[in-house]
Amino acid sequence: MFNLETAAEVAAYFLSKNGGSMDKVKLNKLMYLAERECILSYGTPLTDDLMFSHDLGPILENSDTFFRNGPKNTYEQEVWSKWFKAPDKDSVELSLNTKDFGEDFQDKFNNLFRAARRIMDKIYTEYGSKSHNEVISLTHSAKVCPEWGRPVHHVEHKITIENLCSCHGKTVQETKEIIDSIEANREMSQAMEELANYGRI
């Protein structure tokens, strides 16, 4: 189940390392790479977003829609306004000045576990200095994203966990364990949400 609040934190984390802003396409690529690495390394997605092969490379579907189109309802507006300035056509910019918070700024990322932050640090170190076009080119390459397939007639298609694992050398048993772990996390998240909703009644 896609977690918008975590997706916003992932985006904000990358932005905080990039001077506070980044173009939308590059941001989504970094988020995708972090999501993928968390799944392959820990069997736990960061945001549980849908992964798709797009003309511009692999993307996180819900995150792409959110950052490309801006908030569409009250809940999305609340999430957006917590972290970001008013929607811009080409880029996303933090509304918070990271320098004002110093080390305390890191404490604001309540939904990001330490291992996820280490992965995002690694992804940013490797790709953060790349240009928009360089990141797109790299995520089109079989070396970086073997799971990506060029859409036929510009129709994007889903990247399944099975395909992702297969393309990155996971065995059938390892793939099953990852899928089981993801399903268990989804069930736990669903149960916690139901409990939270029950408490609001």
Side-chain angles (χ1 to χ4, degrees), residues 1-22 24 26-52 58-85 87 92-125 127-128 161 164 178-200:
M1 183 172 60
F2 174 58
N3 190 317
L4 179 61
E5 293 177 29
T6 301
E9 289 195 17
V10 173
Y13 190 86
F14 278 127
L15 295 180
S16 73
K17 299 179 74 64
N18 200 61
S21 66
M22 189 181 298
K24 294 179 179 181
K26 179 178 175 179
L27 176 61
N28 192 272
K29 300 304 179 194
L30 298 188
M31 292 178 67
Y32 171 85
L33 292 169
E35 184 86 9
R36 183 187 72 177
E37 188 62 31
C38 281
I39 291 171
L40 294 173
S41 296
Y42 299 106
T44 303
L46 262 175
T47 68
D48 207 10
D49 205 341
L50 298 173
M51 299 178 289
F52 274 82
I59 65 168
L60 296 179
E61 180 78 355
N62 293 298
S63 297
D64 178 65
T65 299
F66 179 64
F67 288 111
R68 181 160 40 84
N69 299 330
K72 298 300 181 184
N73 54 52
T74 302
Y75 169 64
E76 291 186 0
Q77 182 59 51
E78 289 176 355
V79 173
W80 183 285
S81 61
K82 179 180 178 180
W83 295 103
F84 312 112
K85 290 186 177 180
V92 182
E93 185 174 358
L94 281 176
S95 59
L96 306 168
N97 187 336
T98 58
K99 294 179 181 179
D100 291 342
F101 295 98
E103 294 181 359
D104 292 339
F105 184 76
Q106 300 299 320
D107 296 333
K108 291 184 174 292
F109 300 107
N110 299 320
N111 293 312
L112 303 182
F113 53 96
R114 288 185 179 181
R117 297 187 197 189
R118 287 195 295 269
I119 284 174
M120 286 187 284
D121 289 341
K122 175 185 173 183
I123 295 298
Y124 187 80
T125 297
Y127 300 101
I161 299 299
L164 182 69
I178 287 173
I179 292 173
D180 288 346
S181 175
I182 291 173
E183 288 301 322
N185 282 324
R186 285 173 179 166
E187 290 175 4
M188 183 179 296
S189 295
Q190 181 65 35
M192 291 177 65
E193 183 176 348
E194 289 175 357
L195 282 173
N197 290 335
Y198 179 78
R200 296 189 189 103

With heavy-atom distances below 4.5 Å as the criterion, would you say the side chains of [X] and [Y] are in contact?
{"X": "Tyr42", "Y": "Ser181", "value": "no"}
{"X": "Tyr32", "Y": "Ile59", "value": "no"}
{"X": "Leu30", "Y": "Tyr124", "value": "yes"}
{"X": "Leu112", "Y": "Leu46", "value": "yes"}
{"X": "Tyr75", "Y": "Glu5", "value": "yes"}
{"X": "Ile123", "Y": "Phe14", "value": "yes"}
{"X": "Cys38", "Y": "Thr44", "value": "no"}
{"X": "Val79", "Y": "Pro71", "value": "no"}

**Prompt:** Is Lys85 atom NZ crowded by more than 12 heavy atoms from other residues, nucleotides or ligands, each under 6.0 Å away?
**Reply:** no

Compare every heavy atom of [Y] with every heavy atom of [X], then report the nearest pair and how far apart it is.
{"X": "Arg68", "Y": "Lys24", "value": "O-NZ, 3.4 Å"}
{"X": "Ile182", "Y": "Gly43", "value": "CG1-O, 3.5 Å"}
{"X": "Gly128", "Y": "Lys26", "value": "O-NZ, 2.6 Å"}
{"X": "Ala12", "Y": "Leu94", "value": "CB-CD2, 3.7 Å"}
{"X": "Ala34", "Y": "Met120", "value": "CB-CG, 3.8 Å"}
{"X": "Glu76", "Y": "Gly70", "value": "OE1-O, 4.1 Å"}

**Message:** Quick one, Tyr127 with Lys29, criterion side chain to side chain contact (heavy atoms under 4.5 Å, CB included). Give me CA distance, side-chain angles, the key distance, then yes/no.
**Reply:** CA-CA 9 Å; Tyr127 300 101; Lys29 300 304 179 194; over 6 Å; no

**Asked** Under 3.5 Å, side chain of Glu9 to main-chain N/O of Asn111, donor-acceptor pair present?
**Response** yes

**Complete:** side-chain hydrogen bond (donor to acceptor under 3.5 Å, both in side chains) test vs Asp49 passes for just one of Thr65, Asn28, Asn62, namely Asn62

**Request:** Taking atom types as modelled, find out whether Asp48 and Asn3 have a side-chain donor-acceptor pair closer than 3.5 angstrom.
**Result:** no

Nearest 0.5 Å, please: how far is [atom2] in [Y] from [atom1] in [X]?
{"X": "Met51", "Y": "Leu164", "atom1": "CE", "atom2": "CG", "answer": "5.0 Å"}
{"X": "Lys17", "Y": "Leu15", "atom1": "NZ", "atom2": "CG", "answer": "12.0 Å"}
{"X": "Ile161", "Y": "Leu40", "atom1": "CD1", "atom2": "CG", "answer": "8.0 Å"}
{"X": "Lys72", "Y": "Gln77", "atom1": "NZ", "atom2": "CD", "answer": "10.5 Å"}

**Prompt:** Parallel, tilted or perpendicular: which fits the ring planes of Phe67 and Phe84, with parallel below 30° and perpendicular above 60°?
**Reply:** perpendicular

**Request:** Take Tyr13 and Trp83, measure what ring-ring contact (aromatic ring centres under 6.0 Å, His included) needs, and give me the verdict at the end.
**Result:** CA-CA 10 Å; Tyr13 190 86; Trp83 295 103; over 10 Å; no

**Request:** Go through Arg114 and Arg118 one step at a time and tell me if the side chain to side chain contact (heavy atoms under 4.5 Å, CB included) criterion holds.
**Result:** CA-CA 6 Å; Arg114 288 185 179 181; Arg118 287 195 295 269; 4.0 Å; yes

